[in-house]
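Before any comments, here is the structure.
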Amino acid sequence: MNALHLQTAKVGTWVVATIIFIMVVISHFMNELYVQQGGKFEIFGKFGILLVFGLVWRWKHIGKIVSILTFIQIIVMLIHILMIKAVSIPYIALLIGLSITFYLTTFSKSIFNYLNKIAE
C-alpha cells in the first residue's frame, strides 16, 4: 500500500471511529433527543467504545463487525422512523452518520486493507 492510500485509510478509519464515538456519547448522555424523558436509547450500547478501540488498534475482523452492526442499526432506525411516522433532525443526523460509517467500512478498499494489515 503506497503512502497516499495508507494516509487515506488512516483518516477514513479515524473518521469512522470518531463518528461511532460521537454517536455513543450523544445517545448515552442526551437521550431526550431521541426518546421522551425516562426512555432509554443507545446506539451500540457500551459495545461502541470497544468498536472504537478496535478500529484504532486495528483488531482482526473489526471492519466486518462494524459494518454488520452499523447495517443492523440502520435497519432498526428506519423501522423506528416508519413506526412513529415522524422524522426529526437528530434522527436524520444519526442516519447520516450510520450511513457514512457503513459505506466506509463496507466499500472502501483502502480502509479494508488497512484494517486487515494487507500489504503494509
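The analysis underlying the following values was restricted to heavy atoms, covering all of them including side chains, and did not include hydrogens, waters or symmetry mates.
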Exercise. With a 4.5 Å limit on heavy-atom distance, are the side chains of His28 and Lys46 in contact?
Worked result: yes
Exercise. How many angstroms lie between atom CD1 of Ile19 and atom OG1 of Thr105, to the nearest 0.5 angstrom?
Worked result: 10.0 Å
Problem set entry | Single-linkage hydrophobic cluster, 4.5 Å side-chain cutoff, Ile20 and Ile68 together | no
Exercise. Does the side chain of Leu51 come within less than 4.5 Å of Phe21's, by heavy atoms?
Worked result: no
Problem set entry | Residues that Thr106 engages under side chain to side chain donor-acceptor pair (under 3.5 Å), provided they are two or more places apart | Ser67
Problem set entry | same_hphob_cluster(Ile72, Leu94) at 4.5 Å side-chain heavy-atom cutoff | no
Exercise. Going by heavy atoms in the side chains, are Phe107 and Phe112 under 4.5 Å from each other?
Worked result: no
Problem set entry | Heavy-atom closest pair, residues Ala9 and Ile111 | O-CG1, 3.9 Å
Exercise. CG/Leu69 to CD1/Ile62 distance, rounded to the nearest 0.5 angstrom?
Worked result: 8.5 Å
Exercise. Do you reckon Leu4 sits in the same ILVMFWY cluster as Leu115, going by side-chain contacts under 4.5 Å, direct or chained?
Worked result: no
Problem set entry | Pairwise distance CD1(Ile65) to CH2(Trp59) - rounded to 0.5 angstrom | 9.0 Å
Exercise. What distance separates Tyr114 OH from Leu6 CG, expressed to the nearest 0.5 Å?
Worked result: 6.5 Å
Seminar exercise, completed: dist Thr70:OG1 -> Met23:CE (nearest 0.5 Å) comes out at 6.5 Å
For this session: Verify the distance criterion only: is there a donor paired with an acceptor across the side chains of His80 and Tyr91 at less than 3.5 Å?
Result: yes
For this session: Could I get the full list of side chain to side chain contact (heavy atoms under 4.5 Å, CB included) partners for Ile79, not counting sequence neighbours?
Result: Ile75, Met83
Exercise. With a cut-off of 6.0 Å (strictly less than), are more than 12 heavy atoms of other residues, nucleotides or ligands near CD1 of Ile89?
Worked result: no
For this session: Carefully, step by step, assess Leu98 and Phe71 under the rule side chain to side chain contact (heavy atoms under 4.5 Å, CB included).
Result: CA-CA 8 Å; Leu98 286 169; Phe71 181 72; over 6 Å; no
Problem set entry | In one Ile/Leu/Val/Met/Phe/Trp/Tyr side-chain cluster, 4.5 Å: Leu82, Met77 | no
For this session: Report the distance from atom CD1 of Ile43 to atom CD1 of Ile26, rounding to the nearest 0.5 Å.
Result: 10.5 Å
Exercise. Under a 4.5 Å side-chain heavy-atom rule over Ile, Leu, Val, Met, Phe, Trp and Tyr, are Ile92 and Val76 clustered together?
Worked result: no
Exercise. Closest heavy-atom contact between Thr8 and Ser110?
Worked result: CG2-OG, 4.3 Å
